[in-house]
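Beneath this line is the structure, given in structure tokens, with notes to follow.
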There are 2 protein chains.
Amino acid sequence: MRTTSSDPIAVWMGLMGLVMDHKLLAQGLLQEASGMPWSRYRALRRVEDRGWSQRELAEAMRVDASAMSGIVDDLVERGYAERVTHPQDARMKLVTITESGRDLMEHLRTLPGVVPPPVATLTHAERRELARLVDKMRAAAEA
Amino acid sequence: MRTTSSDPIAVWMGLMGLVMDHKLLAQGLLQEASGMPWSRYRALRRVEDRGWSQRELAEAMRVDASAMSGIVDDLVERGYAERVTHPQDARMKLVTITESGRDLMEHLRTLPGVVPPPVATLTHAERRELARLVDKMRAAAEA
DNA sequence: TATTGTTATACTCTATAACTATA
DNA sequence: TATAGTTATAGAGTATAACAATA
């Protein structure tokens, strides 16, 4: 039974390990279920709700615009997303999800291990406390 | 002011963002300070205390043995680590840190931003609570 | 035979720089 | 001029497979 001490470095390592391990697991499951690399899932998840410009997507994913082009190219080739010129500003491309893309996301949600993440095993009160701590750390990190 | 809701997915995304952002920041600072990629730092940090076999290192870093060879190659070339045949089992190579490697790690510790991580901004009680939550999530993730 | 490590190769992810098209 | 996106290229990180050396 692992016990993380309250030493800042130890706590941070525990946190990184938790996040990285889950990401590795999710990546593996995604690859198995869809043959798709992780970056595609990250992008597709965002365009589920509404159309995003590639610029918006790139900023949200903290990825360069050139990398974003490749990711969207691939999603379009796979038939999970569409890329259309923005009606108001022809410089922009709007990325939207297709029916096939929705089906895929729906399917992925049924896979155990990816969603819910480890956080879901906490109680509601614990999640609220964790959210508060994350907010505090983010605020400090951004300052 | 960002406020993470207690929805499991939202909390998890906040946690991932925090970890990934800090990793990006640390990577940049490391590159600037030493010209070294992140994987070298990860390995060097582990061999600070004692010699590790490459197999041990690979498992701890969750990296393939072939990738580990390249990482150690580079650390040896830079003069931060040494690779010697294990005295008891000639199949193994023991990776140890050099004086130059110790100096580098000592220097990196003085850089603001890398260490201490965001966790250090929490109070002692908050860190203990965070450590408890991380342990609980890890236990669930491993089950 | 099993284990440790190496080499060759390939794929993912990312950024930089130079480019095109549009505002 | 400034912004959105594309293309070419390069470096980091990783895994797979075939291999050599040692147990």
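Lettering of chains follows the sequences in order, A, B, ..., and the numbering in each one begins at 1. We use all heavy atoms of the structure for the numbers below, so side chains are in, but hydrogens, waters and symmetry mates are not.
- Stacking of B:Arg40 on the aromatic ring of B:Trp38 is not recorded, the 6.0 Å distance cut-off and the 45° axial limit not both being met.
- Sorted by residue number, the members of residues 49-56 of chain A with any non-hydrogen atom under 4.0 Å from DNA chain D read A:Ser53, A:Gln54, A:Arg55.
- Between B:Arg127 and A:Asp7, no side-chain nitrogen of the basic residue sits less than 4.0 Å from a carboxylate oxygen of the acidic one, so the salt-bridge criterion is not met.
- Considering only side-chain N and O atoms, B:Arg42 lies under 4.0 angstrom from the phosphate OP1 or OP2 of D:dT14.
- Taking a cutoff of 4.0 Å between a charged side-chain nitrogen and a carboxylate oxygen, A:Arg109 and A:Glu48 qualify as a salt bridge.
- At whole-Å resolution of the value, CD1 in B:Ile71 and P in C:dG5 are 13 Å apart.
- Here CZ of A:Arg78 is found 12.5 Å from OG1 of A:Thr98. Values are rounded to the nearest 0.5 Å.
- For C:dT12, the OP1/OP2 oxygens have no side-chain nitrogen or oxygen of A:Arg40 closer than 4.0 Å.
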Under 3.5 Å, which N/O atoms of the protein pair with N/O atoms of nucleotides 15-18 of chain D?
unit_1, atom_1, unit_2, atom_2, d
D:dA15, OP2, B:Asp64, N, 2.5
D:dT16, O4, B:Ser66, OG, 2.7

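- Spacing between atom CH2 of A:Trp38 and atom C1' of C:dC13 amounts to 14 Å, rounded to whole angstrom units.
- With respect to A:Arg46 and A:Glu56, no salt bridge is recorded, no charged nitrogen being found less than 4.0 Å from a carboxylate O.
- Atom pair A:Glu59:CD and C:dA15:C1' shows a separation of 16 Å (rounding to whole Å applied).
- Going from atom CG of A:Asp73 over to atom P of D:dT7 covers 6 Å, rounded to whole Å.
- Residue-level contact check: B:Ser39 touches the backbone only, with heavy atoms under 4.0 Å from sugar-phosphate atoms and none from bases.
- For D:dA21, neither phosphate oxygen OP1 nor OP2 lies less than 4.0 angstrom from any side-chain nitrogen or oxygen of B:Lys93.
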